[in-house]
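Reviewing the structure listed below.
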There are 2 protein chains.
Amino acid sequence: MELTGQVAVVRGEEELWARTAHLFATATDVACAANDLNTWARSRHPPTPPRVVGMRVRKIYRPSVLLDPNSARHVTEVNALGADVRITPDELNETIILDRRLAILAGETSGGVRNYSVIPLPDVVAGVMSLFEAAWRGATELAVYDAQTAELRELAPRVLELLGTGCKDETAARSLGLGVRTYRRRVAELMAALGAGSRFQAGVRARELGLV
Amino acid sequence: MELTGQVAVVRGEEELWARTAHLFATATDVACAANDLNTWARSRHPPTPPRVVGMRVRKIYRPSVLLDPNSARHVTEVNALGADVRITPDELNETIILDRRLAILAGETSGGVRNYSVIPLPDVVAGVMSLFEAAWRGATELAVYDAQTAELRELAPRVLELLGTGCKDETAARSLGLGVRTYRRRVAELMAALGAGSRFQAGVRARELGLV
DNA sequence: CTCGGATCGGCAACTTCCTGCCGGCCGTGG
DNA sequence: CCACGGCCGGCAGGAAGTTGCCGATCCGAG
């Protein structure tokens, strides 16, 4: 770990947890933004098991977490444990803010390990916090989003599979018993959920999430 | 391992090598077809380290192995060790034929492990062999193909990166200092090399190969 | 110098994809 | 029963991608 002023840059999640575990253990206000579950979750040290009733845990995810059944289940569980979960279509940098006093920002990945900046500076944390609040306000409650996209998740696996075969929309639509217009609606929703601006990008993202 | 007539179905490569290692050790004529290097190579037991001079080793790969620098290097090494390597744009089932007497065909993958059919039946092996020969004749010598696609591999990383950002061809072409026509030529070549029929599929394949 | 081959990039025709619009169908609630 | 809202799918117009063609340019060989 190297020091840059008062900002500590740690390499890899191992080191991050080692350094901040005690803070997570006592935090009562956790704000977290993540694009997928690979960054904060599934690690050795789950950052936010919300046990205490008085604490407030807020998490913002991208819609794509709802497409992967495993991720969706995990998010639902976290939500059931008392965390407030919202969904946003925007691209967010992985961020955690503890008790409005410490900000952790994920940075570049080099050689498989990601850098994390641990920032205790009050002004910086306040600025990051206000951005988080804005993103939070703009995001959709998990339950609401979940209801909106229920039927999409129903069809998503088959749509992805058909896209993965490289066949034309016409063919794929018929094979699903849908009109081409409706099929394309599904694809568009899927791409929005994946945050992809092109089908190539959607393919990459889908593969990253293990959906194909 | 279960037995089906005289055809043995083994689950996973471990078991396959355990059962066939002695055959690989003595084989003098090895024919192998593979879509990528994940199936036969990189395993605990490299199936074909061609040491003896009298033996003949033939391998058919898909063009995509040349896109991944690591794979490309591995293939080149194998080639330098005396194996005949050819490239085909066709989709081939993973296949190994030993001494024209034993065929090994890769089958379905279930739960992460793949099934392999080990076939000693002479008629079946002869049939598979003739198909392999046909594919072999239709494939291109590695050196030739390599020369043809040298400049593609030069540009491929950047093209893939741009595709991965989801930007339009116009934008991507400019950012590479190419005409749109040329950029699209590169994309088309890339898709052919990946065996993809759509950009979505290309995205999936590219991600599978770790190229993005 | 000239020829042959290769690449580039503009043009154009075509296919595929994207999306707003709208009419039709269906279930809900007044 | 009817109004309303949601979803479906055809249509149409436009955007994006695909491909053959061709002239311009750039070597390297003869």
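Every heavy atom of this structure was used, including side-chain atoms; hydrogens, water molecules and symmetry mates were not. Computed from a predicted model, the values in this text were never measured in an experiment.
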Should A:R181 be listed as having a side-chain N or O under 4.0 Å from OP1 or OP2 of C:dC18?
-> no
Side-chain N or O of A:R186 less than 4.0 angstrom from OP1 or OP2 on D:dC8?
-> yes
Here the distance between atom C1' of C:dT19 and atom CZ of A:R199, to the nearest Å, is 13 Å
Between B:L155 (CG) and C:dT7 (C1'), how many Å, whole number?
-> 13 Å
Rounded to whole Å, CD of A:Q201 lies from C1' of C:dC18 at a distance of 16 Å
What are the two closest non-hydrogen atoms of A:R100 and A:E133, and how far apart are they?
-> NH2-OE2, 3.2 Å
Ignoring hydrogens and angles, does a donor from either the side chain of A:R184 or the base of D:dG9 sit under 3.5 Å from an acceptor on the other?
-> no
Taking NZ from A:K168 and P from D:dG17, how many angstroms apart are they, rounded to a whole number?
-> 14 Å
Give a yes/no on whether any side-chain N or O of A:T182 is located under 4.0 angstrom from OP1 or OP2 of D:dG9.
-> yes
Would you please test B:R158 and B:E161 for salt bridge (Lys or Arg N to Asp or Glu O under 4.0 Å) and show each step?
-> CA-CA 5 Å; B:R158 279 183 290 171; B:E161 185 191 339; over 6 Å; no
Could you check how far CZ of A:F200 sits from P of C:dC18, rounded to whole Å?
-> 15 Å
When the distance from OH of A:Y183 to P of C:dC17 is rounded to whole Å, what number comes out?
-> 8 Å
Look at the side-chain N and O atoms of B:R185 and state whether any lies under 4.0 Å from the OP1 or OP2 oxygen of D:dT19.
-> no
